[in-house]
Amino acid sequence: MAAASGLFNIFRIAELRKRLVFTLGMLAVYRLGIFVTTPGVDRRAMQDVVAQQGSLLGLLNFFSGGAFEQLSIFALGIMPYVSASIILQLLTVVVPSLEKMQKEGELGRRKITQYTRYGTVILSAIQGYGIATYLESLRAGNGVAVVGDPGWGFRLLTMVSLAAGTAFIMWMGEQITERGVGNGISLIIFAGIVARVPAAIYTTVRQLGASGSQLSGLGLLVLTALMVVVIGAIVYVERGQRRIPIQYAKRMVGRKLYGGQSTHLPLKVNTSGVIPPIFASSLLLLPATMAGWFPFLQRMSNAIQAGSWIYNTIYVALIIFFAYFYTAVTFNPVDVADNLKKYGGYIPGIRPGKKTADYIDFVLSRITFGGAIYLAAICVLPTIITNEFGVNFYFGGTSLLIVVGVALDTVQQIEGHLITRHYEGFTGPRGPRIRGRRMTTGQAVGA
């Protein structure tokens, strides 16, 4: 009843209602743009090629919500923007000027956002040229060429079309963030994944009903129960955090006494979000994609076929590595310890300064290991089920991590609007407040 009351309260607030309508309208425009094919491309031939190849084309098609198999103007999706954001985050660690700019507050963040936009357009143009030259060599199973009139004219037109499409998606995402509800970039990735859920359900049910399936009629119930358990595990871990107690010393400013209060420093179990699986998948799919251009990579591609034990072992190792790497890039214990010391805060029993930084780093390393194992288990689960039961399990891995994470963030923002206007949240007046992941742009992948 409390959840139903919370849903009705959404439509009682004019501003929140307008934000929701605006968000849904922008997502509808995005989905319509999926079906606008880039000039010069045979859509049916492209769909046949994507269906035959399970390499990087499948990954691009996955994150673009099916736009790549249509070779839509939105074929690159929002991934160039996410890549540019990640590159800027990594550069802030090694480039002092960018690190200083990041600490300048709102002005510095605006400059970094502007650089991210420029980087998005440049990456989109480069990827557009690479895709154009690659498409010219593709043929469908019946021998029909994907590109009817190859040449520099097609390449330039494809570069402009794909770069413009990505820039438009980037603009829509920023507009949703500013005038809508939730993180716009994350919601666009979310919409692309959710749009493919009906087809995934149909495919799974059809495979379960096939005569050669290893599962009985009870298999659908088992997979449904497993999906619910996986979703529950993701929600539990994504909301999990280690709270380090922080105490602020009392100080006199004029005639007033400040400080003395107790608070905590929340450290998330999964600080890196969905970035490790995305990086790991991209690296593992790269040899299969490059093998068509460089024959000497064919042997390596055959050795790490998706679903094999070698593939799964390398996949898990890469996820754990990138979980630690990205956490180290985005969270600096030394800066946190310096800020605590600057404002008179300290961890009880820990000396301020280097000891505090070492303690935070120690705690973060321990919980990051648990988060990395959790990410690896969720991402490997679909492969294990496919190998064991002969049925493609689409409700796990990176897609489910993104969907659940974005849903938590969006619900958290809606509940925040309700509470600030003296309405009950989704869990009622006495229920717990819903905490999202508070994803950065890089964590949105979709975050």
Side-chain angles (χ1 to χ4, degrees), residues 10 13-34 63-65 67 74 76-89 92 101-102 104-121 123-124 164-195 238 268 272-275 278 330 401-421 434-447:
I10 293 176
I13 304 175
E15 180 188 355
L16 183 57
R17 187 169 60 249
K18 291 179 180 178
R19 285 178 172 270
L20 285 173
V21 171
F22 179 82
T23 301
L24 293 176
M26 297 300 280
L27 292 179
V29 172
Y30 166 68
R31 291 306 302 169
L32 287 175
I34 295 295
F63 283 108
S64 62
F74 293 163
L76 292 179
I78 201 61
M79 292 308 293
Y81 180 82
V82 175
S83 301
S85 301
I86 295 173
I87 291 173
L88 260 296
Q89 290 182 14
T92 53
M101 188 183 301
Q102 190 180 35
E104 289 179 354
E106 183 64 25
L107 182 61
R109 286 192 293 269
R110 287 182 180 180
K111 290 182 180 179
I112 291 180
T113 301
Q114 188 175 10
Y115 294 156
T116 304
R117 293 170 181 166
Y118 294 153
T120 301
V121 175
L123 286 178
S124 300
T166 299
F168 185 69
I169 295 177
M170 176 179 62
W171 176 82
M172 284 195 299
E174 293 178 350
Q175 291 299 310
I176 292 174
T177 302
E178 181 180 352
R179 302 172 57 185
V181 176
N183 185 293
I185 304 300
S186 302
L187 282 174
I188 288 175
I189 301 176
F190 173 88
I193 296 174
V194 171
E238 293 296 336
K268 292 193 62 61
S272 57
V274 296
I275 298 300
I278 293 176
T330 57
L401 286 171
I402 295 175
V403 169
V404 175
V406 174
L408 285 175
D409 294 333
T410 306
V411 170
Q412 180 199 23
Q413 286 203 18
I414 295 176
E415 185 169 85
H417 281 281
L418 294 174
I419 294 174
T420 54
R421 289 161 178 81
I434 296 176
R435 296 193 305 269
R437 296 189 301 178
R438 294 187 178 274
M439 293 188 298
T440 62
T441 304
Q443 295 170 327
V445 183

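Note that these values count all heavy atoms, side chains included, but never hydrogens, waters or copies made by symmetry.
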K.L.:
How long is the span from the OG1 atom in Thr113 to the CE atom in Met170, to the nearest 0.5 Å?
P.N.:
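Thr113 OG1 to Met170 CE: 10.5 Å, rounded to 0.5 Å.
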
K.L.:
Dump the intermediate steps for side chain to side chain contact (heavy atoms under 4.5 Å, CB included) on Val404 and Glu238, then the final yes or no.
P.N.:
CA-CA 9 Å; Val404 175; Glu238 293 296 336; 5.5 Å; no

K.L.:
Do you know which two heavy atoms are closest between Ser186 and Val406, and how far apart they sit?
P.N.:
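Residues Ser186 and Val406, closest heavy atoms: CB-CG2, 3.6 Å.
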
K.L.:
Could you state the interatomic distance from CD1 (Ile112) to CG (Leu107), rounded to the nearest 0.5 Å?
P.N.:
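Output value for this atom pair is 10.5 Å.
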
K.L.:
At their closest point, which heavy atom of Leu88 faces which heavy atom of Tyr115, and how far apart are they?
P.N.:
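In terms of heavy atoms, the two residues are closest at CD1-CB, 4.4 Å.
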
K.L.:
According to side chain to side chain contact (heavy atoms under 4.5 Å, CB included), who are the partners of Phe22, at least two apart in sequence or on a separate chain?
P.N.:
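So Phe22 forms a side chain to side chain contact (heavy atoms under 4.5 Å, CB included) with Met26, Gln175, Arg179.
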
K.L.:
Can you tell me how far the CD1 atom of Ile188 sits from the CZ atom of Arg31, to the nearest 0.5 Å?
P.N.:
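Rounded to the nearest 0.5 Å, the CD1-CZ separation comes out at 11.5 Å.
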
K.L.:
Determine, step by step, whether Lys18 and Val21 satisfy the side chain to side chain contact (heavy atoms under 4.5 Å, CB included) criterion, reporting the C-alpha distance in whole Å, the side-chain angles of both residues, the deciding distance to 0.1 Å, and the verdict.
P.N.:
CA-CA 5 Å; Lys18 291 179 180 178; Val21 171; 5.8 Å; no

K.L.:
How far does CD1 of Ile193 sit from CG of Leu401, to the nearest 0.5 angstrom?
P.N.:
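Those atoms lie 9.5 Å apart.
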
K.L.:
Closest heavy-atom contact between Leu123 and Ser83?
P.N.:
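Where Leu123 meets Ser83 most closely, the heavy atoms are CD1-CB, 4.0 Å.
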
K.L.:
To check you understand the geometry: which heavy-atom pair defines the closest contact between Leu187 and Val181, and what is its length?
P.N.:
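Shortest heavy-atom separation between Leu187 and Val181 comes out as CD1-O, 3.0 Å.
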
K.L.:
Determine, stepwise, if the pair Ile414 / Leu20 fulfils side chain to side chain contact (heavy atoms under 4.5 Å, CB included).
P.N.:
CA-CA 9 Å; Ile414 295 176; Leu20 285 173; 4.1 Å; yes

K.L.:
Would you check if the side chain of Thr410 reaches a backbone N or O of Gly182 as a donor-acceptor pair within less than 3.5 Å?
P.N.:
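No; zero donor-acceptor contacts below 3.5 Å.
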
K.L.:
For the pair Phe168 and Trp171, name the ring-plane relationship: parallel under 30°, tilted 30 to 60°, perpendicular over 60°.
P.N.:
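Phe168 vs Trp171 ring planes: parallel.
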
K.L.:
If you round to the nearest 0.5 Å, how far is CZ of Arg19 from CG of Leu16?
P.N.:
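Going from the CG atom of Leu16 to the CZ atom of Arg19 covers 8.5 Å.
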
K.L.:
Nearest heavy-atom pair of Tyr81 and Thr116: which atoms, and what distance?
P.N.:
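Scanning both residues, the minimum pair turns out to be CE1-CG2, 3.9 Å.
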
K.L.:
What distance do Met79 atom CE and Thr120 atom OG1 have between them, rounded to the nearest 0.5 Å?
P.N.:
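With rounding to 0.5 Å, CE (Met79) is 11.5 Å from OG1 (Thr120).
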
K.L.:
What pair of heavy atoms forms the shortest contact from Gly119 to Ala84, and how long is it?
P.N.:
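What the structure gives for the nearest pair is C-CB, 4.0 Å.
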
K.L.:
Do other residues, nucleotides or ligands put more than 12 heavy atoms under 6.0 Å from Arg17 CZ?
P.N.:
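Counting other residues, nucleotides and ligands, CZ of Arg17 exceeds 12 neighbours.
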
K.L.:
Whether the side chain of Thr177 engages the backbone of Gly184 through a donor-acceptor N/O pair (distance < 3.5 Å, no angle test) should be reported.
P.N.:
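Yes; at least one donor-acceptor contact below 3.5 Å.
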
